[in-house]
Amino acid sequence: KMMMGRITHITIALLCTLIISSYGFEYPCTYKSGSGDFYDLSPLSKCDNTGYTVSGDNGFVANVCNNVNGCSKSTAAVCQGGGYDTGDLSSISFSDHPSGEKGLVLTYGNGDNGGCSQDRQTIITFTCDPNATTPQWSFVSENPQCTYNIAVTSSFACPVSEAPQINDCPVNVFLVPHTHDDVGWTDTIEGYYDSEVRNILNTVLESLVANPDRKFIYVEQAFFWRWWNDGNTTDQQRTQFRQIYANGQFEFVIGGWVMQDEACTTYSADVDQMTLGHQFLLNEFGARPNKGWQLDPFGASSVTSTLQKLAGFDAHLIDRVSNKGSLAATQMLQFNWQ
């Protein structure tokens, strides 16, 4: 959320190369007990993140080795009525059944701590029942305070042969066809255009015309404007481009003259280059880009995302940051920048 004037929020996404994956099965869900029994709870994981409804103490929605929707944190595995994260995927552990029965205990920690002397946690005791093909969930107690105890009876809480854990959660992978073209770096803008960018745009157009299922995104209007007004670009190519743009196959992101640097440029220069690119796109195609795509700048500045929000953007992608690994591990690659 941008705490400036009337700005509400802008969604930030972090790019890992050009592949963005939905949440798959990313957390361990197997356990080997002290007696040597092997357990695999992954069949109980709800891949759609709807979780299991548990009555009692304002009610809970709980998942197994996966997150639940609609909680205060996207990594919440257990959510209490009111949206409290009462157990988080960032702190997941297993232990033996407390009574020595066949089964195991799954503990989620690092929940919200508002109103508690410690972070909330949820302890789920799974008891083996070979006949319980549908798991039976029940709330047991809050003891001690802000520690929630839940019991589950299930056939999936029975020992199984030791094998690689099941992964029934599909992972959707989105490939984003894109080219980043520096408007001058080790060559001039003319040099890059003549040797590379003209051919890129020509062949992209050919590929999109050949297959209407293909899509492409583009940023730098310094090059696209040059290609559009190039005497070597034919009227047929311009007509074809208008068609693929109308089909939604070609999208302009950022839409500025360049993908601006975020360290050395001035506020006025950022505004001017964005205005120049957007005026061209609006006048020529009626286009109004609304997605940021800061793939290449070395570091991310809140000024850039603020300016893009003011320009009507609703999402902003950044890449070169140092903590992508930790954000990926906690499923926080998409977040609201406050």
Side-chain angles (χ1 to χ4, degrees), residues 25-69 71-73 75-113 116-163 165-169:
F25 197 83
E26 302 179 9
Y27 294 88
C29 216
T30 59
Y31 175 69
K32 191 169 186 177
S33 70
S35 61
D37 288 327
F38 185 80
Y39 296 92
D40 184 355
L41 295 179
S42 59
L44 294 175
S45 182
K46 288 204 171 184
C47 305
D48 61 1
N49 310 120
T50 54
Y52 300 87
T53 300
V54 185
S55 301
D57 200 7
N58 294 321
F60 299 82
V61 177
N63 208 344
V64 179
C65 309
N66 219 326
N67 62 308
V68 293
N69 295 324
C71 209
S72 59
K73 291 189 289 186
T75 52
V78 185
C79 193
Q80 191 179 27
Y84 289 111
D85 176 357
T86 56
D88 201 88
L89 286 169
S90 62
S91 176
I92 180 173
S93 62
F94 295 91
S95 57
D96 289 358
H97 197 287
S99 66
E101 297 180 61
K102 297 295 184 181
L104 67 162
V105 175
L106 167 59
T107 300
Y108 294 118
N110 286 356
D112 294 334
N113 59 13
C116 299
S117 59
Q118 61 183 22
D119 292 342
R120 287 178 170 84
Q121 66 172 352
T122 298
I123 301 173
I124 306 175
T125 301
F126 291 86
T127 301
C128 168
D129 181 349
N131 298 315
T133 54
T134 299
Q136 304 299 314
W137 291 70
S138 60
F139 176 74
V140 178
S141 66
E142 180 183 349
N143 183 31
Q145 184 183 22
C146 298
T147 294
Y148 306 94
N149 299 280
I150 293 174
V152 181
T153 301
S154 173
S155 60
F156 294 110
C158 299
V160 295
S161 59
E162 189 167 351
Q165 70 183 52
I166 298 171
N167 181 357
D168 289 329
C169 296

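What you see below is based on every heavy atom in this structure, not just the backbone, and it leaves out hydrogens, waters and symmetry mates. We're numbering straight along the sequence, starting at 1.
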- Message: Donor-acceptor pair, distance only, cut-off 3.5 Å: does the side chain of D96 make one with the backbone of G34?
- Response: yes

- Task: List the atom of V54, the atom of F139, and the distance in Å for their closest heavy-atom pair.
- Result: CG1-N, 3.6 Å

- So do Y31 and L106 actually touch side chain to side chain, heavy atoms under 4.5 Å? no

- Item | Shortest non-hydrogen contact from S72 toward D112 | OG-OD2, 2.7 Å

- What distance do S55 atom OG and F60 atom CZ have between them, rounded to the nearest 0.5 Å? 10.5 Å

- Does the side chain to side chain contact (heavy atoms under 4.5 Å, CB included) test come out yes or no for K46 and V68, once each step is laid out? CA-CA 9 Å; K46 288 204 171 184; V68 293; over 6 Å; no

- Query: Do F156 and P135 have side chains that get closer than 4.5 Å, going by heavy atoms?
  - Reply: no

- Task: Verify whether one side chain among N149 and S141 offers a donor that lies under 3.5 Å from an acceptor in the other.
- Result: yes

- Between T75 and D88, does any side-chain donor sit less than 3.5 Å from a side-chain acceptor? yes

- Side chains of V105 and P98 in contact at under 4.5 Å (non-hydrogen atoms): yes

- Is the shortest heavy-atom distance from the side chain of V78 to the side chain of R120 under 4.5 Å? no

- Message: Distance check, rounded to the nearest 0.5 Å: T107 atom OG1 versus F94 atom CZ?
- Response: 9.0 Å

- Message: Tell me the closest heavy-atom pair linking N49 and N67, and the distance in Å.
- Response: ND2-OD1, 2.9 Å

- Message: Would the distance check show the side chain of Q118 and the main-chain N or O of C116 forming a donor-acceptor pair, the cut-off being under 3.5 Å?
- Response: no

- Task: Identify the two heavy atoms, one from C29 and one from S42, that lie closest to each other, and give their separation to 0.1 Å.
- Result: SG-N, 3.5 Å

- Should T125 and H97 count as side-chain neighbours, where that means a heavy-atom distance under 4.5 Å? yes

- Query: Just how far is it from atom OG of S155 to atom CG of L44, taken to the nearest 0.5 Å?
  - Reply: 7.5 Å

- Query: Quick one: are S93 and S91 in side-chain contact, heavy atoms under 4.5 Å?
  - Reply: no

- State the OH-CG distance between Y108 and N63, to the nearest 0.5 angstrom. 6.5 Å

- Task: Grab the two heavy atoms, one from C65 and one from L89, that are nearest each other, plus how far apart they are.
- Result: C-CD2, 3.9 Å

- Note on the structure: Smallest heavy-atom separation, Y39 atom then S33 atom, equals CE1-CB, 4.1 Å

- Message: Quick one, L41 and L104 - any side-chain contact, counting heavy atoms below 4.5 Å?
- Response: yes

- The reported gap from NZ in K73 to CG in D85 (rounded to nearest 0.5 angstrom) is 4.5 Å

- Under 3.5 Å, is there a donor-acceptor pair linking the side chains of T153 and D129? no

- Message: Holding to salt bridge (Lys or Arg N to Asp or Glu O under 4.0 Å), I want the full list of residues that pass it with K102, two or more places apart in sequence or in another chain.
- Response: D37

- Query: How are the rings of F126 and W137 set to each other: parallel, tilted or perpendicular (split at 30° and 60°)?
  - Reply: perpendicular

- Item | Any side-chain heavy-atom pair of K32 and T30 under 4.5 Å | no

- Does atom OH of Y84 have more than 12 heavy-atom neighbours, drawn from other residues, nucleotides or ligands, at distances under 6.0 Å? no

